[in-house]
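To start, the structure itself, in structure tokens.
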There are 2 protein chains.
Amino acid sequence: MPSINVEDYLKHIYYLQEEGDAVTTSSLAGQLNIAAASVTDMVKKLSGQHYLRHLPYRGVQLTEKGRRSALKIIRKHRLWEMFLSEVLHFGWDEIDEEAEKFEHIMSDKMEERIDEVLGFPRVDPHGDPIPAKNGTVKNIRAFPLSDAPEGNSVRVLRVNDANPELLQYVSSIGLSLNKRLSVKQRIKFDKSLIIKIGSKEIAISTVVAENIFVESV
Amino acid sequence: MPSINVEDYLKHIYYLQEEGDAVTTSSLAGQLNIAAASVTDMVKKLSGQHYLRHLPYRGVQLTEKGRRSALKIIRKHRLWEMFLSEVLHFGWDEIDEEAEKFEHIMSDKMEERIDEVLGFPRVDPHGDPIPAKNGTVKNIRAFPLSDAPEGNSVRVLRVNDANPELLQYVSSIGLSLNKRLSVKQRIKFDKSLIIKIGSKEIAISTVVAENIFVESV
DNA sequence: CTAAAAATTTAGGCTTACCTAAATTAATAA
DNA sequence: TTATTAATTTAGGTAAGCCTAAATTTTTAG
């Protein structure tokens, strides 16, 4: 069984890989809030245990073993987020932090019980897919709202959960998962957007638009 | 904030104190499954941080600070047990183990939310009192069934949760919290009891009787 | 193409919390 | 009361994960 620290490394490597970024010592150090030298140490250890492959000075890549372990944690994390949201009525801006620790101590029995109570959900409250027990992850084909052409009508499928304030803001302008909106206007010089939600028109910055993922409708 | 390990020490010291036992290096080592020498180390550290007083070669005693910290953990532990039992329908023989880890990571926000959902319970599923936020603990005036005189009619108030198999056994003979029973006969030579639950008469050993706490009714 | 800058790794250390073995103190039995 | 036994503490170590500073490798700019 990987330690809590190892689990955190694997999870963050998976996230970085998923975003298509190269997984370097420094990007990992940034995610984990840890000195780069410490990351090198751990990476060598994880490589020795075949959780990942390490090309010195180049970066790392999860092995199948590493990917499996990462997905187990992520499954627990997202199920717990779902539970916090659905059963204990936490806001979507609060749940990620609460789940950070629980993901590491949740027993398999607990995982199954919660999955059952929730009715075997496929996505978490931010629209991220909940990995299946067999290691399958449904990939959500959504594109960032910032890429939507003028006039497009779209539906929100996912919101990046990395920043609680962003989530709060998104709620505050009346957006939530599955909500429909249309792009009224794209402002060239600052790349901001004017979107229409229901009958309201709202201006949002690129930063916000880049973190809202949608599908055409 | 005390570390997880410190919390475990404080909790077990509290338990031992509560049972009226002297809290010695070896009794603690036994509870924590740790070598006595390691306990001495930690005890000196905790004494330095004023969580407890240490009389070398004699034993330890929690300070008020230590008692407070212990009760915070125990409150979280018992609330979580209650939640597992009431909301997720875990058996009373499963919950203690599940709560061992969660007690250390449960946020105060989570604690409040659960307390609320459960309707501010006063006792956990084993009949142990849930300490209040202000550090008050209702003491349950119950005596062990093994002390009940022949002919006595009693009600179950608490069952020692230290042993899951005992809890299972107690359930299996039809006993649970608040159930009434009467002592039909006390067998002298092995101190076992014949008790009557509803219309059934059952023989139970001292070991079992010593772990069931009752009040006269 | 090379020199400076940036990223990565190596070296040497630290802290927490554990361990075993040896020394010391306390308890117990003759 | 003293010798033996039991409990406790001290001494010296270990492993996991982190750190800073120095050395090395890679990238980038001129």
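So you know, we letter chains A, B, ... as the sequences are listed, proteins then strands, and number each from 1. Quick caveat: nothing in here was measured; it's all calculated off a predicted structure.
Nucleotide dT8(D) holds its P atom 10 Å from the OH atom of Tyr57(B), rounded to whole Å. Rounded to whole angstrom, the span from the CG atom of Leu10(A) across to the P atom of dG17(D) amounts to 11 Å. Nucleotide dT14(D) holds its C1' atom 13 Å from the CG atom of Asp41(B), rounded to whole Å. Going from atom CD of Gln49(A) over to atom C1' of dA15(D) covers 13 Å, rounded to whole Å. Whole-Å rounding puts the Asn5(A) CG to dT15(C) C1' distance at 14 Å. For the pair Leu46(A) CG and dA16(D) C1', the computed distance is 12 Å after rounding to whole Å. The separation between His104(B) atom NE2 and dA17(C) atom P is 12 Å, rounded to whole Å. For Leu55(A) and dT25(D), the CG to P distance is 16 Å, given to the nearest whole Å.
Checked for salt-bridge contact, Glu98(A) and Arg113(B) miss the test: no charged N lies under 4.0 Å from a carboxylate O. Ion pairing of Glu81(B) with Arg78(B) is absent here, as no side-chain N (NZ or NE/NH1/NH2) approaches a carboxylate O to less than 4.0 Å. Residues Glu7(B) and Lys11(B) are not paired through a salt bridge, judged by the lack of any N-O separation under 4.0 Å between the basic side chain and the carboxylate.
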Could you go through Arg75(A) and Glu111(A), starting from their C-alpha distance and side-chain angles, then the distance that decides it, and tell me whether this counts as salt bridge (Lys or Arg N to Asp or Glu O under 4.0 Å)?
CA-CA 9 Å; Arg75(A) 174 173 162 81; Glu111(A) 176 187 318; 2.6 Å; yes
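Residue contacts shown for Thr25(B) are limited to sugar-phosphate atoms, with no base heavy atom under 4.0 Å away. Residue contacts shown for Thr40(A) include a base, since a base heavy atom lies under 4.0 Å away. Ser38(B) comes within 4.0 angstrom of a base, heavy atoms only.
Out of dG17(D), dT9(C), dT9(D), the shortest distance to the side chain of Met42(A) is found at dG17(D). Nearest to the side-chain atoms of Lys45(A) among the listed nucleotides dA17(C), dG17(D), dC19(C) stands dG17(D). Among dT9(C), dT16(C), dC18(D), the nucleotide with an atom closest to any side-chain atom of Ile34(A) is dC18(D).
At the phosphate of dT8(D), neither OP1 nor OP2 sits under 4.0 Å from any side-chain N or O atom of His54(B). For dA6(D), the OP1/OP2 oxygens have no side-chain nitrogen or oxygen of Ser26(B) closer than 4.0 Å. One finds no side-chain N or O of Tyr9(A) lying less than 4.0 angstrom from the OP1 or OP2 phosphate oxygen of dA16(D). Side-chain nitrogen and oxygen atoms of Ser3(A) include at least one within less than 4.0 Å of the OP1 or OP2 phosphate oxygen of dG17(D). When the side-chain nitrogen and oxygen atoms of Arg58(B) are compared with OP1 and OP2 of dA27(C), one or more of them lie within a distance under 4.0 Å. Under 4.0 angstrom from either OP1 or OP2 of dT10(D) there lies at least one side-chain N or O belonging to Lys44(B).
Residue Pro56(B) is the one, among Pro56(A) and Pro56(B), whose nearest nucleotide of DNA chain D lies closer to the 5' end (criterion: closest heavy atom).
No side-chain donor-acceptor contact under 3.5 Å links His77(B) and Asp124(B).
Between His126(A) and Leu167(A) the shortest side-chain heavy-atom distance falls below 4.5 Å.
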